[in-house]
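Written below as structure tokens is the structure these notes are about.
Computed from a prediction, not measured in an experiment: that's the story for all the values here. Chain naming here is simple, since letters A, B, ... match the order of the sequence lines and numbering starts at 1 in each. Because only heavy atoms are used, hydrogens play no part in the values below, and waters and symmetry mates are left out as well, while side chains stay in.
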Number of protein chains: 2
Amino acid sequence: MVSKTCEYAIRAMLFVAQKSKNDSKVGVKQIAKAIDSPEPFIAKILQDLGKKGLVLSSKGPTGGFYLDKAGLKKSLADIVNAIDGDKLFTGCGLGLKSCSAKMPCPVHEEFVVVRKHIKVMLQNAKLGDYNTALELGEKYLKR
Amino acid sequence: MVSKTCEYAIRAMLFVAQKSKNDSKVGVKQIAKAIDSPEPFIAKILQDLGKKGLVLSSKGPTGGFYLDKAGLKKSLADIVNAIDGDKLFTGCGLGLKSCSAKMPCPVHEEFVVVRKHIKVMLQNAKLGDYNTALELGEKYLKR
DNA sequence: GTAATAAAAGAGTTTTTACTCCTCTACTTA
DNA sequence: TAAGTAGAGGAGTAAAAACTCTTTTATTAC
């Protein structure tokens, strides 16, 4: 569905969101532990997300990654778009480059509906929406 | 969504289905041309699908790949399952191994619905369903 | 101002997926 | 039964995705 990189990215961002509630920052090491990912790999991914303006960071002691109010309102769709591009939302289900209503692949119509479904779902899922459930241990970011 | 191999597989099978209508067979060369895929690669894929009982073949002159009545009733879900496994239908959207209702990832519930949607759609799409549209040139398998 | 800390940056390496090549075997038809 | 066609099988290459390592730069605390 999405790349492994993107899965890590979403999990990391949800963790950063949770930890950003009380204006605190969180380091790569802690993030890697929380989501059970290779530390240098998630560092790269967060670096990339930082460049694209989806996460904030500061260097030095007490530094780390964090989200502001606006950041907490970003959706999972924004993350997917930043990492995997819009292939999931607009690409052809059978891999055709020119697939469209005018020149459809056999399952074009069906895929349009499915993709729309996925897109809406990811757009409605905001980074800040899961903080409480995560804190309560009702939802998990690893295993 | 599905692997590139799987995209080729589906397109090839839809083409074979179309050509199987009047009990004729179709060679790898013709299939590769029709779906715009590397010939040796689609040969491998079809070989694999043959082993798994999803397509029939015969060697020698006038030989090739074909589908019988039962084969034409197989669904795209069967192809996806044979090539990519059931990850698309049952895997966690965020890549967690133990994600389930008891121990859900943050988007577990939403993904259950989306995956069900995809599964139903692919199960309802039978290989034989597109023959007429393909013949009429209303749907495409390449470009 | 210096030492410690943490992210940024760039250049690898490994693994997986996509794709190719060559030889072998089975089958059909003349 | 020989010739030619077409898939089967195995091993190998290329490209992309996943992941690592090392150095640099910025920040903070003392």
For [X] and [N], give me the distance from atom [atom1] to atom [atom2], rounded to whole Å.
X: Lys87(B); N: dT16(C); atom1: NZ; atom2: P; answer: 13 Å
X: Tyr66(B); N: dA6(D); atom1: OH; atom2: P; answer: 15 Å
X: Ile45(B); N: dC19(C); atom1: CD1; atom2: C1'; answer: 9 Å
X: Ile42(A); N: dA9(C); atom1: CD1; atom2: P; answer: 17 Å
X: Met1(B); N: dT17(C); atom1: CE; atom2: P; answer: 18 Å
X: Lys4(B); N: dA14(D); atom1: NZ; atom2: P; answer: 17 Å
X: Ile83(A); N: dA17(D); atom1: CD1; atom2: P; answer: 13 Å
X: Gln30(A); N: dA6(C); atom1: CD; atom2: P; answer: 10 Å

Practice task
Answer with base, sugar-phosphate or nothing: what part of the nucleic acid does Pro40(A) contact at a heavy-atom distance below 4.0 Å?
Solution key: base

Handout entry: Option from Lys52(A), Lys44(A), Lys51(A) for which salt bridge (charged side-chain N to carboxylate O under 4.0 Å, His left out) with Asp48(A) holds
Key = Lys52(A)

Exercise for the section: Measure from the side chain of Thr5(A), starting at C-beta and using heavy atoms only, and say which of dA29(D), dA18(D), dC27(C) lies closest. Expected result: dA18(D)

Practice task
Evaluate the side-chain proximity of His108(B) to Leu96(B): yes if any heavy-atom separation is below 4.5 Å, no if none is.
Solution key: no

Handout entry: Val113(B) and His117(B), any side-chain heavy atoms less than 4.5 Å apart
Key = no

Handout entry: NZ (Lys73(B)) with more than 12 external heavy atoms under 6.0 Å
Key = no

Practice task
Flag yes if more than 12 heavy atoms outside Lys87(A) fall under 6.0 Å of its NZ atom; otherwise flag no.
Solution key: no

Using a cutoff of under 3.5 Å, can you pull out all pairs of nitrogen or oxygen atoms linking the protein to nucleotides 7-9 of chain D, with atom names and distances?
residue	atom	partner	partner atom	Å
dG7(D)	OP1	Val28(B)	N	3.2
dG7(D)	O3'	Ser57(B)	OG	3.4
dA8(D)	OP1	Ser57(B)	OG	3.3
dG9(D)	N7	Lys44(B)	NZ	3.0
dG9(D)	N7	Gln47(B)	NE2	3.4

Handout entry: For Lys19(B), side-chain hydrogen bond (donor to acceptor under 3.5 Å, both in side chains) partners two or more places apart
Key = none

Handout entry: Exercise: identify the closest heavy-atom pair between Phe89(B) and Val80(B)
Key = CZ-CG1, 4.0 Å

Exercise for the section: Output the residues of residues 6-20 of chain B in contact with DNA chain C, where contact means a heavy atom of the residue under 4.0 Å from an atom of the strand; sort by number or write none. Expected result: Tyr8(B)

Handout entry: Pair Thr62(A)-Lys25(A), side chain to side chain donor-acceptor pair (under 3.5 Å): steps then yes or no
Key = CA-CA 7 Å; Thr62(A) 76; Lys25(A) 296 162 194 164; 5.4 Å; no

Practice task
Look up atom CD1 in Ile45(B) and atom CD1 in Ile79(B), then write down how far apart they are to the nearest 0.5 Å.
Solution key: 11.0 Å

Problem - Toward the 5' end of DNA chain C, by each residue's nearest nucleotide, Pro38(B) or Lys25(B) - result: Pro38(B)

